[in-house]
Amino acid sequence: MNETIDLMKRHISVRRFGEKSISDEELREILEAGRMASSWKNFQSYSIIVVRSEEKKQALYDLLPQPAILAANVFLLFVGDLNRAGKGVNLHSPTFHPEGVENLLISSVDASLAAQNTLLAAESLGYGGVIIGVLREVAEDLARLFDLPDYVYPIFGIALGEPAQSRPPKPRLPYDNVIFEERYQEQSREVIKEYDKIQKDYAGDRVTTTWSERLADQFSQAENPVTKDYLTKKKLL
Ligand SMILES: Cc1cc2nc3c(=O)[nH]c(=O)nc-3n(C[C@H](O)[C@H](O)[C@H](O)COP(=O)(O)O)c2cc1C
């Protein structure tokens with residue numbers, strides 16, 4: 001249809017990278033484009049920590065052994081950030097209440113929109129990447145590694161670099177199971193089973209569990225308290 005839409009529809013997460021470096025100039029352009037995402041009241045409640053040094057990537061990998069972290073040319077750590085907001089608030093008010101679910105949504109959504117823009121900008125220059133969210137499991141270690149102060153929490157990172165893999169894009173749920181006209185339409189279990197098959201056909205032997213088994217892994221038990229504990233410690237809950 002057009003170049004932008006074609007690019008978006010070609011997206012795949014890339015976890016293996018070649019040798020080519022993203023130049024400082026390209027990275028700056030990628031991040032400036034990423035930062036043009038909309039944000040709640042233009043508060044831009046996030047920060048991005050650029051990790052290029054081998055020592056920091058290694059330290060990160062030691063905490064979280066995902067090969068894409070080590071192989072990436074650049075790792076971008078997206079943190080939800082209400083610390084800056086506190087400084088603004090204190091110009092006008094002695095009280096500051098960053099804690100709560102709504103504020104977490106504000107900062108997480110702002111960061112997510114900027115991150116998606118960033119990844120897309122990188123893809124438009126021929127680079128690839130993967131968002132890495134499991135790092136929330138080691139949030140406290142990350143806070144130490146990156147000097148994260150109160151009111152700042154890691155949301156995810158993006159490992160970026162020259163793609164060293166290609167495959168067809170992963171099929172999404174069928175359009176009509178996600179996009180509804182005028183009112184919500186609850187879906188049947190058949191829809192889930194159908195998508196399990198679509199995913200199986202796509203992934204073949206590369207993936208040993210079905211899509212719904214992965215849903216069960218994630219949602220059949222109470223969440224790991226590590227994120228809540230971290231957010232409480234950083235005065236966000
Ligand atoms: C918030 C978020 C966190 C993610 N965390 C990880 C991760 O920790 N490790 C990983 O390999 N992929 C991670 N991914 C990538 C997803 O697995 C991937 O986007 C999804 O399977 C769809 O595949 P595609 O991006 O190739 O279309 C994450 C994606 C998102 C949006």
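The chain is numbered in sequence order, starting from 1.
Summarising the geometry of Ala121 relative to Ala33, their closest heavy-atom pair is CB-CB, 3.9 Å, with the distance given to 0.1 Å. When every heavy atom of Phe156 is checked against every heavy atom of Ala115, the shortest pair comes out as CE1-CB, 3.3 Å. Scanning all heavy atoms of the two residues, the minimum distance from Val14 to Ala164 falls at CG1-N, 4.4 Å. Between Met36 and Asn117, the shortest heavy-atom distance links the atoms C-ND2, 3.9 Å. Considering every non-hydrogen atom in both Ser38 and Leu113, the closest pair reads O-CD1, 3.6 Å. Among all heavy-atom pairs drawn from Val134 and Leu64, the shortest one is O-CD1, 3.8 Å.
Of the N and O atoms on the side chains of Asp201 and Gln199, not one donor lies less than 3.5 Å from an acceptor on the other residue. A donor-acceptor contact closer than 3.5 angstrom is absent between the side chains of Ser212 and Tyr195. Inspection of the Thr209 and Arg214 side chains reveals an N or O donor paired with an N or O acceptor under 3.5 Å.
Between Glu29 and Glu26, every side-chain heavy-atom pair lies at or beyond the 4.5 Å cut-off. Lys20 places none of its side-chain heavy atoms less than 4.5 Å from the side chain of Asn73. Looking at heavy atoms from C-beta onward, Leu160 lies in side-chain contact with Leu119 at the 4.5 angstrom threshold. Proximity of Leu82 to Leu236: side-chain heavy atoms (C-beta onward) are separated by under 4.5 Å at one or more points. Gln218 places none of its side-chain heavy atoms less than 4.5 Å from the side chain of Leu215. Looking at heavy atoms from C-beta onward, Phe146 lies in side-chain contact with Val51 at the 4.5 angstrom threshold. At a threshold of 4.5 Å between non-hydrogen side-chain atoms, the residues Ser39 and Asn42 count as touching. A heavy-atom distance below 4.5 Å is not found between the side chains of Thr227 and Glu223.
A donor-acceptor pair under 3.5 Å links the side-chain atoms of Gln165 to the main chain of Arg16, judged by distance alone. Side chain of Ser21 to backbone of Ser23: no donor-acceptor contact under 3.5 angstrom is found. A donor-acceptor pair is defined here as one N or O able to donate and one able to accept, closer than 3.5 Å; such a pair exists between the side chain of Asn90 and the backbone of Ser93. A donor-acceptor pair under 3.5 Å is absent between the side-chain atoms of Glu32 and the main chain of Ile30, judged by distance alone. Using a distance-only test at 3.5 Å, with no hydrogens or angles considered, no donor-acceptor pair links the side chain of Asp150 to the main chain of Lys234. Under the 3.5 Å distance criterion, the side-chain polar atoms of Lys200 are matched with a main-chain donor or acceptor of Gly204.
Arg52 has a carboxylate O that lies under 4.0 Å from a charged side-chain N of Asp24, or vice versa, which qualifies the two as a salt bridge. By the 4.0 Å N-to-carboxylate-O rule, Glu140 lies close enough to Lys233 to be salt-bridged with it. A salt bridge between Arg144 and Asp141 is present, with a side-chain N of the basic residue lying under 4.0 Å from a carboxylate O of the acidic one. Taking a cutoff of 4.0 Å between a charged side-chain nitrogen and a carboxylate oxygen, Arg28 and Glu25 do not qualify as a salt bridge.
Under the 4.5 Å side-chain contact rule for hydrophobic residues, Val50 and Tyr46 share a cluster. Linking ILVMFWY residues whenever their side-chain heavy atoms come closer than 4.5 Å, directly or via other members, leaves Ile155 and Leu120 in distinct clusters. Under a hydrophobic-cluster definition in which Ile, Leu, Val, Met, Phe, Trp and Tyr are linked whenever side-chain heavy atoms come within less than 4.5 Å, directly or via other members, Val138 and Tyr153 are assigned to the same cluster. At a threshold of 4.5 Å between side-chain heavy atoms, the hydrophobic network of Ile, Leu, Val, Met, Phe, Trp and Tyr places Leu104 and Tyr230 in one connected group. Both Trp211 and Val178 are members of a single hydrophobic cluster when ILVMFWY side chains are connected at heavy-atom separations under 4.5 Å.
Taking NZ of Lys56 as the reference point, atom CG of Leu145 lies at 5.0 Å (rounded to 0.5 Å). The distance from atom CG of Leu148 to atom CG of Asn83, rounded to the nearest 0.5 Å, is 10.0 Å. A distance of 6.0 Å separates CG of Leu142 from CG of Leu60, quoted to the nearest 0.5 Å. Rounding to the nearest 0.5 Å gives a distance of 6.0 Å between CG of Leu27 and CG of Leu76. Atom-to-atom distance recorded for Arg172:CZ and Ile198:CD1 is 12.5 Å, nearest 0.5 angstrom. Rounded to the nearest 0.5 Å, atoms CZ (Phe78) and CD1 (Ile49) are 11.0 Å apart.
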Verdict with reasoning, Thr210 to Glu213, per side chain to side chain contact (heavy atoms under 4.5 Å, CB included): CA-CA 5 Å; Thr210 65; Glu213 282 168 342; 3.2 Å; yes

From CA spacing to verdict: side chain to side chain contact (heavy atoms under 4.5 Å, CB included), Glu162, Phe17: CA-CA 5 Å; Glu162 178 195 16; Phe17 302 102; 5.5 Å; no

Verdict with reasoning, Glu99 to Asn103, per side chain to side chain donor-acceptor pair (under 3.5 Å): CA-CA 7 Å; Glu99 69 281 353; Asn103 295 339; over 6 Å; no

Derivation and outcome, side chain to side chain contact (heavy atoms under 4.5 Å, CB included), residues Gln58 and Leu70: CA-CA 6 Å; Gln58 183 66 52; Leu70 214 48; 3.6 Å; yes

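Other residues, nucleotides and ligands contribute over 12 non-hydrogen atoms within 6.0 Å of the CG atom of Asn2. Environment of CD in Glu3: sparse, with no more than 12 heavy atoms of neighbouring residues, nucleotides or ligands closer than 6.0 Å.
For Tyr151 and Phe96, the gap between ring centers is short of 6.0 Å.
Checked against Asp81 for a side chain to side chain donor-acceptor pair (under 3.5 Å), the options Ser47, Ser45, Ser107 give a single hit: Ser47.
Relative to the ring axis of Tyr202, Arg206 places its NZ or CZ within 45° and under 6.0 Å from the centre.
Applying the side chain to side chain contact (heavy atoms under 4.5 Å, CB included) rule to Pro169 yields the partners Ile12; only residues at least two apart in sequence or on another chain are considered.
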